[in-house]
Every structure is written in structure tokens, then in C-alpha cells.
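Here's the structure, in C-alpha cells; my notes come after.
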Amino acid sequence: MLKKRFKKIFIGLLVCFMSLQGMAQEMQSNNALLDSAFKLAVWTIDHNIHDGMIEAGEGYGGEWTRDCAINCWNAVSLLHPEVAEKSLWSVTNDSATIGHQYWDKIIWTIGAYNHYLVTGDMLFLTKAYDCCKNTMAELEAQCFDSVSGLFMGPAVFQDGIAAYDEPVYDSAKWDDSYVLHHPNSATIKCLSTNVLYMEAYWLLTKMSEKFGLADASESYYESAHRLENHIRETFYRPEEHKFYYLIDHLGHPHDYQEGMGLAFALLFDLLEPEEAEEMVGTAFITEHGIASVSPSFPRNTPDKPGRHNLMIWPHVNALYASGCAHYGLLEPFYFELENMADLAMNHSGGDFCEIYTIEGEPCGGYQCGALWDVKHHQTWCASGFIRLVINHIFGLEFRDWGIEFNPVGMEDGSECRLSGILYRNMNLTFVVKGHGEKMKSFKINGEKAHDECLWASDYEGDVIVEIELE
């Protein structure tokens, strides 16, 4: 017993040492573009860690709740769990409520719950649950519109007025970039924001169940279900397989495609499988992937594209691709994956830039009559690419007890390898052969495993997971 305890302590210290030494995660395949983009993405994450916290990227700090939550959800909770935890708490108000821009800050719930799944840290979840429920209560009081049954406020991450057409955009305030300074914006209802609230309710349901809080769980379940119905009734157009972007302050729908809204609709199971396939099949996709908001607003032109309008924001592409893979829609998944790698490696010389034109050029876009600067080495673009590799090519799905696997492999079915993943008390290597969604064989350290899972309590040290797909 004592020997086993010392062994666990040694392995734990070894894992910590490897983490401090910056042991790089590496992807090896027959696709040099994807391998190099993955290497760049890992470097970008490391490059943007300062004072033990993850920052948004060069030219930005770490003060945005949405950036922090998305980055931790994508990859940081796995690659740097201590950094993720410190970063998540840094955007709260003394751990009691979630801080910063109000309309989409509930996304912290998703980052926090994912962090719990990756780490299995029940103490963290206990504090996070209180923080999330307190914040949801505040937002229900401040932002919920009981008439429509929807939450009010701008779209997820779209804090620039370039993301909105008239009358949300007030032409008299053409030189003011902040969305809430345009008076018609405060009471709009957006697709992405409301789907985000829906998922937060579902996660609060799960957390309440875990803590044995039956009344709270039932209440959150009912709220999630009601909001889901209102979203579908208000935004979804089944005959066209499309969603409205937003409902403005006059109650008028805006018939634009919101990339993040579609991504969340897929990721959070708002659609039935056949509906998802039809929506993805009819979505407008540019040469370099799905645009942030499309088509172009009347006030924009091809030579002066709006900063948030008909532009490529790679973190949106990553979440959209992840949503496609979630429904088994692999052709658009691989398309977005390859495009993200191509933009970073070939169009910006080894740099995950913040925004690209639909022609693939790094560009800050136009807002308030001016061309905004290009921002380099953006964390959520890099973490989004890592998400697509780890969660889908290699198929890691985190549970509080370990990992389930649902890999799709390389598009051509060739062998690929992922190494240097430090998880709990393990140093993991994954090998995937074949392509598709059906497993032919599943081995851990050369031994056949029957449940296609990796139980964290059963393994420590170097662990190799080998998967062959049909």
C-alpha cells in the first residue's frame, strides 16, 4: 500500500514537472498542413499565458469573460488546468457572480462545467455552481423578457456595432463602435445569446442533480425546456432550414445568417438530426468557411467589409465545425478544419489572426468609417483548432470519471497520432486509424478494452490508446 502511494506521488510530481517544462503536445499524420497548424496552435496557447492566466491574444489582455470561457472549453482546461482555473475565477466578482459584459457572460457556465469534466474537481464545481446560479438569477431579473420568453441583449461576442444592421445600428452614432451606445440594441433578442442561455440552464440542471438539489434541478429543467421552445418558435424557419439572426426592438426579424448562432444550435442539440443536416446543407459558406454574419449589410461594400459582417472569425468556424462533427456531418467539418489551417499557415505566414476577409486576407475590417488593425496570435482561434483535433479527429469526450471516445479520424483514413497530453495522472498518446464513426477495435496499452472508455481511476503514467475505425 505504501509503495503504491509513493508511486502515485512520484507520477503526480512527474506530470507537474513535465507541465512546467512545457512538454509540447504533438500531432503526427500524413497531412503536413494540419500537423504544422496544430504545432502553431499549441505555441499560441503557451505564448498567451502570462501571470498564470490565459489572455485573449496579442494586442489584448485577458479581461473578456467570453474569451476566457471559450478558450478553457476548447483546450486550456485540458492542456493547462491550473491556468484555466485561475483564469476562470479572474473574470468573476470574488467568485460570487460572473463578471464583465453582461449579455453573454453566462457562457462562463459552459467553460466552468467543462473544466470540472476534464479535471474531476468537485470542490471547483461546488464553487462554480454557486457562481452560476447567482449570476443566472441576476440575469433573469435584468435581461429576461417575459412577453417573448427570450433574453435580451446583443449577440455572443458581437460587441462592435459593425455586427448589426439598421435599426439596431443608429447611423446618427456612426462614429461610436460600442453596441450598447446605440440605443436600439439593449432590447434585441439574438439567436446565439438565447441558445447560450438554454445550454446554461441544462448545465445548471445537471449540476443541481449532482448535488442532490431536486427542486432546483426541476426548475432549471423547466426553464431550459421553455426557452428551447421559444427559440424554435421565434428563430427557426423549418421550411427554409434556416434561423433568423435576431429580433430587433420593434419585433422585426433580421434575415441574416449568424455563424455563432448556427454553431450553438448544433453544439447544444437544438435540432433533430435531419434538421441539422438540412440546415448545414443550405447554410451560406464562403471559400474560406462560414462567415460571422452574412450577407453583407447595405452600408458595407466589398472593398470596405464590415468588421463583424461577412468576415471570417476563425473561432466561429471552429465551433461551427465542432457542431457539424457533433451531428456526424463530416464533410463540412473537414472543410472548416482545413480552411483554419490554411488561413493560419498559408494566408498569414504562421499566425492565427483574429479576422480574415472572405478572400482569406488578414484584416481588421471596417467599423465607424475606419479600417481596424489586424490582431495576431489570437488564443480562441488557436484553441478552436486544437478542439477540432482533440475532440473530433481523436474523439476525446470528457466525463468526470474519465474519457469516452468518438473519433472520426483523418479524412483519408490514414493513421494519425497525438502525443504529450497530460491528463490527471497520465501522459497520454492516441493513435487512430481509419475513418468514420464506427469502431473496429479499441486498445489501451495493447490490451483490448470492451467499453471504449478510459477510466481515470484505472491508469497512471504513460498510457497509449489505439483506435481503429471501420
Note to self: Looking only at side-chain N and O atoms, does Asn48 offer a donor or acceptor that is under 3.5 Å from a partner on His377?
What the structure shows: no
Next item on the list: Verify the neighbour count for atom CG of Asp94: are there more than 12 heavy atoms of other residues, nucleotides or ligands below 6.0 Å?
Entry: no
What pairs of donor and acceptor atoms, side-chain ones from residues 147-157 against any protein atom, are under 3.5 angstrom apart with sequence neighbours left out?
from   : atom 1 : to     : atom 2 : distance (Å)
Ser148 : OG     : Asp145 : OD2    : 2.7
Ser148 : OG     : Leu150 : N      : 3.3

Checklist line | Ring centre gap for Tyr356 and His288 strictly below 6.0 Å | finding: no
Check: Considering only heavy atoms from C-beta outward, does the side chain of Lys210 approach that of Tyr116 to under 4.5 Å?
Finding: yes
Check: Between the side chains of His326 and Asp269, does any donor sit under 3.5 Å from an acceptor?
Finding: yes
Next item on the list: Take Ile312 and Thr357 through the side chain to side chain contact (heavy atoms under 4.5 Å, CB included) test and state the conclusion after the steps.
Entry: CA-CA 6 Å; Ile312 303 298; Thr357 66; over 6 Å; no
Item checked: Over-ring placement of Arg299 relative to Tyr169, 6.0 Å and 45° cut-offs -> yes
Item checked: Check: Glu228/Tyr201 side-chain N/O donor and acceptor closer than 3.5 Å -> no
Notebook entry, point to check: Would Lys105 count as a cation-pi partner of Trp64, with NZ or CZ less than 6.0 Å from the six-membered ring centre and within 45° of the ring normal?
Noted result: no
Notebook entry, point to check: Between Asn71 and Ser383, is any side-chain donor less than 3.5 angstrom from a side-chain acceptor?
Noted result: yes
Margin query: Do the side chains of Arg424 and Asp121 get close enough for a salt bridge, i.e. N-O under 4.0 angstrom?
Written below: no
Checklist line | Check against salt bridge (charged side-chain N to carboxylate O under 4.0 Å, His left out), Asp400 and Lys206 | finding: CA-CA 12 Å; Asp400 53 0; Lys206 292 182 179 181; over 6 Å; no
Check: Do Thr119 and His115 have side-chain heavy atoms sitting under 4.5 Å apart?
Finding: yes
Check: Got a sec, which pairs hit ring pair (Phe, Tyr, Trp, His ring centres under 6.0 Å) with one end in residues 213-233, sequence neighbours left out?
Finding: Trp202-Tyr221
Check: Using the ring of each side chain (for Trp, its six-membered ring), is Trp108 parallel, tilted or perpendicular to Trp89, with breaks at 30° and 60°?
Finding: tilted
Checklist line | Sidechain N-carboxylate O distance under 4.0 Å for Asp130, Lys127 | finding: no
Checklist line | Min side-chain heavy-atom separation Cys363-Met311 under 4.5 Å | finding: yes
Checklist line | Row check, Tyr244 ring normal vs Arg237 NZ/CZ: under 6.0 Å, within 45° | finding: yes
Margin query: Can you confirm whether the side chains of Asp248 and His254 place a donor and an acceptor under 3.5 Å from each other?
Written below: yes
Checklist line | Beyond-backbone contact of Cys131 with Ser95, side-chain heavy atoms, under 4.5 angstrom | finding: no
Check: Heavy-atom distance under 4.5 Å between the side chains of Ile393 and Leu337, does that happen here?
Finding: yes
Note to self: Looking at Arg232 and Glu275, is any side-chain nitrogen of the basic one under 4.0 Å from a carboxylate oxygen of the acidic one?
What the structure shows: yes
Checklist line | Flag for His47-Glu58: side-chain donor and acceptor within less than 3.5 Å | finding: yes
Margin query: When you measure from the centre of the six-membered ring of Tyr236, is the NZ or CZ of Lys242 closer than 6.0 Å and no more than 45° off the axis?
Written below: no
Check: Have Thr65 and His100 got a donor and an acceptor in their side chains that come within less than 3.5 Å?
Finding: no
Notebook entry, point to check: Between His182 and Asp176, do the side chains contain an N or O donor and an N or O acceptor separated by less than 3.5 Å?
Noted result: no
Margin query: Students often mix this up, so state it plainly: with edges at 30° and 60°, are the rings of His392 and Phe333 parallel, tilted or perpendicular?
Written below: perpendicular
Margin query: Students often mix this up, so state it plainly: with edges at 30° and 60°, are the rings of His308 and Trp313 parallel, tilted or perpendicular?
Written below: parallel
Check: Are Asn300 and Tyr366 linked by a side-chain donor-acceptor pair shorter than 3.5 Å?
Finding: no
Next item on the list: Measure the spacing between CD1 of Ile107 and CD of Gln101 and express it to the nearest 0.5 Å.
Entry: 12.5 Å
Notebook entry, point to check: Taking 4.0 angstrom as the limit, do Arg399 and Glu404 come out as a salt bridge?
Noted result: yes
Item checked: Between Ser208 and Tyr129: side-chain donor-acceptor atoms closer than 3.5 Å -> yes
Notebook entry, point to check: Does a side chain donor of either Asp170 or Trp174 reach within less than 3.5 Å of an acceptor in the other side chain?
Noted result: no
Margin query: Ring-plane angle category for Trp103 and Tyr178, please: parallel below 30°, perpendicular beyond 60°, tilted otherwise.
Written below: tilted
Next item on the list: Take atom CG of Asp215 as the centre, draw a 6.0 Å sphere, and report whether it contains more than 12 heavy atoms from other residues, nucleotides or ligands.
Entry: no
Next item on the list: Give a yes or no on this: more than 12 heavy atoms of other residues, nucleotides or ligands lie within 6.0 Å of atom CD of Glu331.
Entry: no
Note to self: How long is the straight-line distance from CG of Leu428 back to CG of Leu396, given to the nearest 0.5 Å?
What the structure shows: 7.5 Å
Next item on the list: Decide, yes or no, whether a salt bridge links Glu138 with Lys133 under the criterion of side-chain N to carboxylate O below 4.0 Å.
Entry: no
Note to self: I want to check something: taking the side chain as every heavy atom from C-beta on, are Leu330 and Cys324 in contact at a cut-off of under 4.5 Å?
What the structure shows: no
